[in-house]
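Below you'll find the structure, written out as structure tokens, and then a few comments.
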Amino acid sequence: MALAEAGAEVWLAARTRDEIEAAASAIRGAGGKAHAVACDVTQSSDLRKAIAAVPVLDVFVNNAGTNIPEPFVDVTDEHLDTLLNLNVRSAFIAAQAAAKKMLASKRGVIINMSSQMGHVGAVNRSVYCLTKHALEGLTKAMALELAPHGIRVVSVAPTFIETPMYQRMKAAKPEFAKWVEDRIPAGRVGQPEEVAAAVVFAASSAASLVTGTSLVVDGGWTAQ
């Protein structure tokens, strides 16, 4: 929504057609331009085709990801593969496809959605931290290769955000939610609009010299 409000024509992708069409409809209802694409990003060929089909790609937000919190010694091969395939492999393939599209026009911005956990460690999040540290490294390496071609690469690294998922977690484990909120020096979790604002900044000309780095939207979590 924030990119559409800034004037972008947006293409939204998700596995569930009804969900992504509802999001696109909301943008159109607010006067923006939006298209919905049903795509499972873990299917490499479908992902590449979906990105290649976008007529003009100036900004790509690499946002797919998941987490399965559990103790390090209890992580199964299945859970490890699930997080690596979505958070790392699919993110890599998506970024690669976006970069190939942008090379033709010699301009563009790729924004990898990372996490504060890409900068620190955390209990019960060994695989998630692994994948987000990988994404931070990918951002730096991509930036070096793509800068000569006019393409910037930035990661955005939020703390816990007030989403429906966080609200469910808070209801199920209020003691964990209290620990999270006490751990953030700002005294609260983030709002979706605050993450969106960082994405809009990273995509804009105001960030024309910002590449190969991370915009950490964490209320001070990683400063400790």
I'd like to know if the side chain of [X] and the backbone of [Y] have a donor-acceptor N/O pair within less than 3.5 Å.
| X | Y | result |
| --- | --- | --- |
| Ser90 | Asn85 | yes |
| Lys132 | Met113 | yes |
| His133 | Tyr128 | no |
| Arg48 | Ala97 | no |
| Arg89 | Ser44 | no |

How many angstroms lie between atom [atom1] of [X] and atom [atom2] of [Y], to the nearest 0.5 angstrom?
| X | Y | atom1 | atom2 | answer |
| --- | --- | --- | --- | --- |
| Lys33 | Leu3 | NZ | CG | 15.0 Å |
| Gln43 | Ile93 | CD | CD1 | 10.0 Å |
| Met142 | Asn112 | CE | CG | 5.5 Å |
| Ile51 | Cys39 | CD1 | SG | 7.5 Å |
| Leu83 | Leu130 | CG | CG | 8.5 Å |
| Leu103 | Leu146 | CG | CG | 6.5 Å |

Could you give all pairs that pass the side chain to side chain donor-acceptor pair (under 3.5 Å) test and reach residues 203-219, with sequence neighbours left out?
His119-Ser214, Glu136-Ser214, Ser155-Ser214, Asp218-Thr222
Mind jotting down which residue pairs meet the side chain to side chain donor-acceptor pair (under 3.5 Å) criterion with at least one end in residues 12-23? Sequence neighbours excluded, please.
Glu21-Ser25, Glu21-Arg28
For [X], does the [atom1] atom have more than 12 heavy-atom neighbours from other residues, nucleotides or ligands under 6.0 Å away?
| X | atom1 | value |
| --- | --- | --- |
| Gln191 | CD | yes |
| Asp74 | CG | yes |
| Glu78 | CD | no |
| Phe176 | CZ | yes |

Which atom names give the shortest non-hydrogen contact between [X] and [Y], and what distance separates them?
| X | Y | value |
| --- | --- | --- |
| Thr159 | Gly190 | CG2-N, 4.2 Å |
| Ile110 | Ala95 | CD1-O, 3.8 Å |
| Val10 | Ala4 | CG1-N, 4.0 Å |
| Ala91 | Asn62 | O-ND2, 2.8 Å |
| Gly65 | Asn87 | CA-OD1, 3.2 Å |
| Cys129 | Val120 | SG-O, 3.7 Å |

Can you find a heavy atom in the side chain of [X] that is under 4.5 Å from one in the side chain of [Y]?
| X | Y | result |
| --- | --- | --- |
| Ser114 | Thr139 | no |
| Val154 | Leu215 | yes |
| Val37 | Val54 | no |

Going hydrophobic residue to hydrophobic residue with side-chain gaps under 4.5 angstrom, can you get from [X] over to [Y]?
| X | Y | answer |
| --- | --- | --- |
| Val153 | Val210 | no |
| Met169 | Ile161 | no |
| Val156 | Phe60 | no |
| Ile151 | Leu138 | yes |
| Val195 | Val189 | no |

All pairs passing salt bridge (charged side-chain N to carboxylate O under 4.0 Å, His left out) where residues 97-109 contributes a residue, at least two apart
Asp58-Arg107
According to salt bridge (charged side-chain N to carboxylate O under 4.0 Å, His left out), does anything in residues 183-212 pair up with another residue at least two apart or in another chain? List the pairs.
Arg188-Glu194
Phe160/Glu181 under side-chain contact (heavy atoms from CB on, under 4.5 Å): CA gap, chis, key distance, verdict
CA-CA 9 Å; Phe160 290 87; Glu181 291 164 20; over 6 Å; no
Evaluate the ring planes of Trp179 and Trp221, with Trp represented by its six-membered ring, and classify them as parallel (under 30°), tilted (30 to 60°) or perpendicular (over 60°).
perpendicular
With sequence neighbours excluded, give me every ring-ring contact (aromatic ring centres under 6.0 Å, His included) pair touching residues 91-117.
none
Sequence neighbours excluded, every pair satisfying ring-ring contact (aromatic ring centres under 6.0 Å, His included) that has a member inside residues 19-53:
Trp11-His35
